[in-house]
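Here is the structure we will look at, set down as structure tokens.
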Amino acid sequence: MTLIDYDVIVIGGGHAGAEAAWSASSALGPDGRVALVTMSPDRMGAMSCNPAIGGLAKGQMVREIDALGGLMGRAIDATGIMFRMLNTSRGPAVRGPRAQADRYAYACEIQRLLATRRDSIHVIAATVDEFLLDGERIVGVTLPPGAGRVHPREDDGTGWHEHLPEPIWPAGPDPSERANDTTILHSKAVVLTTGTFMRGLMHTGRNQTPGGRFDEPAAGGMSRTLRTLGFELGRLKTGTPPRLRRGTIDWEGLPAQEADQSPVPFSDLPPSTLPSGAFPGLPQVSCRLTHTTAAMHELIRENLHLAPMYNGEISAEHGPRYCPSIEDKVVRFADRESHHVFLEPESLHTDEVYCNGISTSLPPDVQDALVRAMPGCEQAEIFRHGYAVEYDMVWPHQIDSTCMTKRVDGLFLAGQINGTSGYEEAAGQGLMAGLNAARLVQGRELVRLARDEAYIGVMMDDLVIKTPREPYRMFTSRAEHRLLLRSDNADSRLTPLGREWGVVGDLRWDGWCARQKAMMELEQLSRRTRLAGGRTVHDSMRRPEMTATEVMDHLSGEHDVALVDRVMIDARYEGYVQRQRAEISRRGDMDRRRIADPHAMAMTNGLRAEAAEAIMRFQPSTLGQAARLAGVTPADVTLLAVALHRSR
């Protein structure tokens, strides 16, 4: 038996696991030791579904992850092949950056970045089915025989894009050398990020294959372990569309969707930090648009009995409402004769095209016919058929907004195990879980993000006070303070916090300080500079028709157009922001009032039974969270406030 001590153990190498390992390593410092345990080291950072990062609200989350020193923004800047800013016709609060990625290059870049910390992040090829506990506190995990650390290849200076056909991480030690050797990893903090792998089962028609995603096995034992510990599990489902061979599509005959001429990066780090030394890091491509047809819809209706989503073969009740299968679209929107389908290249190095908009679990022969019913795809060949996957998850009312479970101290959950969907949601949770896992072992207070500080804070608060009926996806409409949570100001909101928490390095911090100084000087200059008629530039830039270029024409000196744009946005929203901050200040007291013992609060005299039941189930950590629970009225909140005051 081999015994190894680590500060933090991360289980799973997806988007949540990668960010958790990175943020834990950042918070612990160069002497920290993080174990990243994953079944498939060469698939770390893999894009299981859509090869894209960002979008409405999701793009804001990626900017927040970057502002807190995370990986995702850096990786997509290096590997994006089509950058677009969405919702440009609307206000800055609801605009969202999005980028199509080279899916293979993206995973390689995540692995390359993790390899830069090979001394503090140890990647171990193994599964974990058993936790070690001391009472109600986790103290480690047991790895099966054959587990071994994976050593990344030394960087030869030519960059990952020269080695796309080869994995960045070579195979681990021969399992036969350790066939009878069980390994125990000791740690006071474990981050569990299982994705869709817990009892994952994939469906294509009547064919069922155990697994969390294509060509990867399921993790069977973890569900049993969690149930034994008393966790309440649920089962969700999601799906993927078929992938087509580009050479069989009438590519030039379809309308094109082009990349932005002046793309906006996700990361605040300078382009010199990218492998190519420039942004964008890869050549840009265009997508194509097609659509479903009435004949295609009729074919779907005729074969609904063969779709696991509808014929009862999938035991999970709930799928993603806002990313439905094409079968679901045809049934729910029966009056629609067509739906948009975006044909998105998956890589610069392969012929694969992702069919965004026709996620399906129908049999392969039906999928073949469906695809060829779309304009431009009459001769299309399917590279890989779509499939549905059902998987176990942990109902997230059993964690708090730090990602730590309420049942087991030191056990953190992040990603789809908490009922979310999407790479960005998973990465945001992973960052917070890894950061707090590190703080726990350091004996420091765990940290949270408030709803007015970040979309990540909105997501964490939603997860712990609501029971999701389908995989949780972030939208701008979920954020009541979205005017404050813009993609352009993520660094102003969060980088100082990240510096305080130890996850923001010197290069990022120096850049932030320089930007803040430049913006302050720009604002002061705009207030001093007057136009004809006596109005200042600052007053004039409040007009929506005035552009950043026009503002620069009136100001002396040379200025960064992106920073001028930010100063303009701040000026235009100044009055609204002041009102929102006043409202936040009025409500903020409730979110600062901690509930040490939710069970005792539920026993408050006069509290209605419905409110007491909600408090017992969700165990809110603050009075503000209790007030947002369904079933808790303002009168209940008053009683709870009095009880909290008396308990102090």
**Message:** Quick test of your reading: applying side-chain hydrogen bond (donor to acceptor under 3.5 Å, both in side chains), list the pairs with at least one residue in residues 244-264, sequence neighbours left out, ordered by first then second residue.
**Reply:** E252-R288
**Asked** So do R372 and E378 actually touch side chain to side chain, heavy atoms under 4.5 Å?
**Response** no
**Prompt:** In terms of the angle between their ring planes, are H340 and F342 parallel, tilted or perpendicular, with boundaries placed at 30° and 60°?
**Reply:** tilted
**Request:** Any chance you could measure M44, atom CE, to R112, atom CZ, to the nearest 0.5 Å?
**Result:** 13.0 Å
**Message:** Using 0.5 Å steps for rounding, measure from the CE atom of M432 to the OG atom of S23.
**Reply:** 9.0 Å
**Prompt:** Who passes side chain to side chain contact (heavy atoms under 4.5 Å, CB included) against M47, sequence neighbours left out?
**Reply:** H15, P51, I53, A101, R103, Y106, Y423
**Fill in**
L56 meets the side chain to side chain contact (heavy atoms under 4.5 Å, CB included) criterion, sequence neighbours left out, with L86, N87
**Request:** Would you please name every residue forming a side chain to side chain donor-acceptor pair (under 3.5 Å) with Q367, sequence neighbours left out?
**Result:** none
**pair H203-E390: side-chain heavy atoms closer than 4.5 Å** = yes
**Message:** Once side chain to side chain contact (heavy atoms under 4.5 Å, CB included) is applied, do any residues pair with A433, and if so which ones, sequence neighbours excluded?
**Reply:** V191, C403, F412, A414
**Request:** Of all the heavy-atom pairs spanning P144 and T127, show the shortest one and how long it is.
**Result:** CD-O, 3.0 Å
**Prompt:** Does Y354 have R243 sitting over its ring (NZ/CZ under 6.0 Å from centre, angle to axis within 45°)?
**Reply:** no
**Prompt:** Any donor-acceptor pair under 3.5 Å linking the side chain of T196 with the backbone of G212?
**Reply:** yes
**Message:** Between F214 and V389, does the side chain to side chain contact (heavy atoms under 4.5 Å, CB included) criterion hold? Intermediate values first, please.
**Reply:** CA-CA 10 Å; F214 177 78; V389 58; over 6 Å; no
**Request:** Verify whether one side chain among Q208 and Y387 offers a donor that lies under 3.5 Å from an acceptor in the other.
**Result:** no
**Asked** Distance from L282 atom CG to S276 atom OG, nearest 0.5 Å?
**Response** 7.0 Å
**Request:** Taking all non-hydrogen atoms of both residues into account, name the closest pair between E64 and A454 and its distance.
**Result:** OE2-CA, 3.3 Å
**Message:** Strictly distance-based, threshold 3.5 Å: is any side-chain N or O of D77 a donor or acceptor partner for the main-chain N or O of R74?
**Reply:** no
**Asked** Taking side chain as C-beta onward, heavy atoms only, is T293 less than 4.5 Å from M296?
**Response** yes
**Request:** Could you tell me whether the side chain of P241 reaches within less than 4.5 Å of the side chain of N356, counting heavy atoms only?
**Result:** no
**Request:** Please assess M72 against E19 for the test side chain to side chain contact (heavy atoms under 4.5 Å, CB included), listing each intermediate value before the final yes or no.
**Result:** CA-CA 8 Å; M72 185 167 273; E19 294 288 355; 3.5 Å; yes
**Message:** When you compare the side chains of S223 and D392, does any donor N or O come within less than 3.5 Å of an acceptor on the partner?
**Reply:** yes
**Request:** Please identify each residue that fulfils ring-ring contact (aromatic ring centres under 6.0 Å, His included) with F197, with sequence neighbours left out.
**Result:** none
**Message:** Looking at every heavy atom in both P471 and K237, which two are closest together, and how far apart are they?
**Reply:** CG-O, 3.9 Å
**Message:** Just so I know, are the side chains of R63 and Y455 near enough to count as touching, which here means a heavy-atom distance under 4.5 Å?
**Reply:** no
**Message:** Testing the 3.5 Å rule here: is there a donor-acceptor pair between the side chains of S120 and S25?
**Reply:** yes
**Item:** With sequence neighbours excluded, residues passing side chain to side chain contact (heavy atoms under 4.5 Å, CB included) with S26
**Value:** W22, R117, V503
**Asked** Between the side chain of E425 and the main-chain N/O of G415, is any donor-acceptor distance below 3.5 Å?
**Response** no
**Request:** Taking Q100 for its side chain and Q284 for its backbone only, find out whether a donor-acceptor pair lies under 3.5 Å.
**Result:** no
**Asked** Do you know which two heavy atoms are closest between M39 and A218, and how far apart they sit?
**Response** SD-O, 4.4 Å
**Prompt:** Taking atom types as modelled, is there a side-chain donor on S347 or D102 under 3.5 Å from an acceptor on the other?
**Reply:** yes
**Item:** Any residue meeting side chain to side chain donor-acceptor pair (under 3.5 Å) with Q429, in chain and number order, not counting sequence neighbours
**Value:** N418, T420
**Message:** Between K329 and G357 (side chain of the first, backbone of the second, donor and acceptor by atom type, cut-off under 3.5 Å), is there such a pair?
**Reply:** yes
**Request:** Check whether any side-chain heavy atom of V34 sits under 4.5 Å from a side-chain heavy atom of H122, and report yes or no.
**Result:** no
**Prompt:** Does the Q60 side chain pair with the main chain of R95, one donor and one acceptor, at a distance under 3.5 Å?
**Reply:** yes
**Prompt:** What pairs with T360 under side chain to side chain donor-acceptor pair (under 3.5 Å), at least two apart in sequence or on another chain?
**Reply:** E327
**Message:** Against the six-membered ring of F266, is R98 placed for a cation-pi contact (under 6.0 Å from the centre, within 45° of the normal)?
**Reply:** no
**Request:** Quick one: pull up CD1 in I326 and SG in C355 and give me the separation to the nearest 0.5 Å.
**Result:** 11.0 Å
**Request:** Show the numbers, then the answer: is there a salt bridge (charged side-chain N to carboxylate O under 4.0 Å, His left out) between D119 and R33?
**Result:** CA-CA 8 Å; D119 291 336; R33 287 167 54 85; over 6 Å; no
**Message:** Treating S325 as the side-chain partner and D328 as the backbone partner, does any N or O pair qualify as donor plus acceptor under 3.5 Å?
**Reply:** yes
**Fill in**
Taken to the nearest 0.5 Å, the spacing of L244 CG from D351 CG works out to 10.0 Å
**Asked** Is it true that a side-chain atom of R508 and a backbone atom of D66 form a donor plus acceptor pair closer than 3.5 Å?
**Response** yes
**Message:** Tell me every residue that passes ring-ring contact (aromatic ring centres under 6.0 Å, His included) with H385, counting only those two or more places apart in sequence or in another chain.
**Reply:** none
**Prompt:** Closest approach of C49 and G239, non-hydrogen atoms and distance?
**Reply:** SG-O, 3.9 Å
**Request:** May I ask you to test the W509-T495 pair for a side-chain heavy-atom distance under 4.5 Å?
**Result:** yes
**Request:** Just do the side chain to side chain contact (heavy atoms under 4.5 Å, CB included) check on E346 and V353 with the steps written out, would you?
**Result:** CA-CA 6 Å; E346 292 209 323; V353 173; 6.0 Å; no
**Sequence neighbours excluded - ring pair (Phe, Tyr, Trp, His ring centres under 6.0 Å) pairs with any residue from residues 34-84** = F83-F279
**Item:** Polar side-chain atom of Q379 near backbone of I249 as donor-acceptor pair, under 3.5 Å
**Value:** no
**Item:** Non-neighbouring partners of H339 that pass ring-ring contact (aromatic ring centres under 6.0 Å, His included), sequence neighbours left out
**Value:** H297
**Item:** Trace of the side chain to side chain contact (heavy atoms under 4.5 Å, CB included) decision for L28 with V8
**Value:** CA-CA 9 Å; L28 291 167; V8 173; 4.2 Å; yes
**Asked** Any donor and acceptor pair, going by atom type alone, linking the side chain of E424 with main-chain N or O of G59 inside 3.5 Å?
**Response** no
**Fill in**
So CG of L431 and CD1 of I456: to nearest 0.5 Å the spacing works out to 6.0 Å
**Complete:** All heavy atoms of T240 vs all of S359, minimum pair found to be N-OG, 3.3 Å
**Request:** Please tell me if the side chains of V341 and L289 come closer than 4.5 Å, counting only heavy atoms from C-beta onward.
**Result:** no
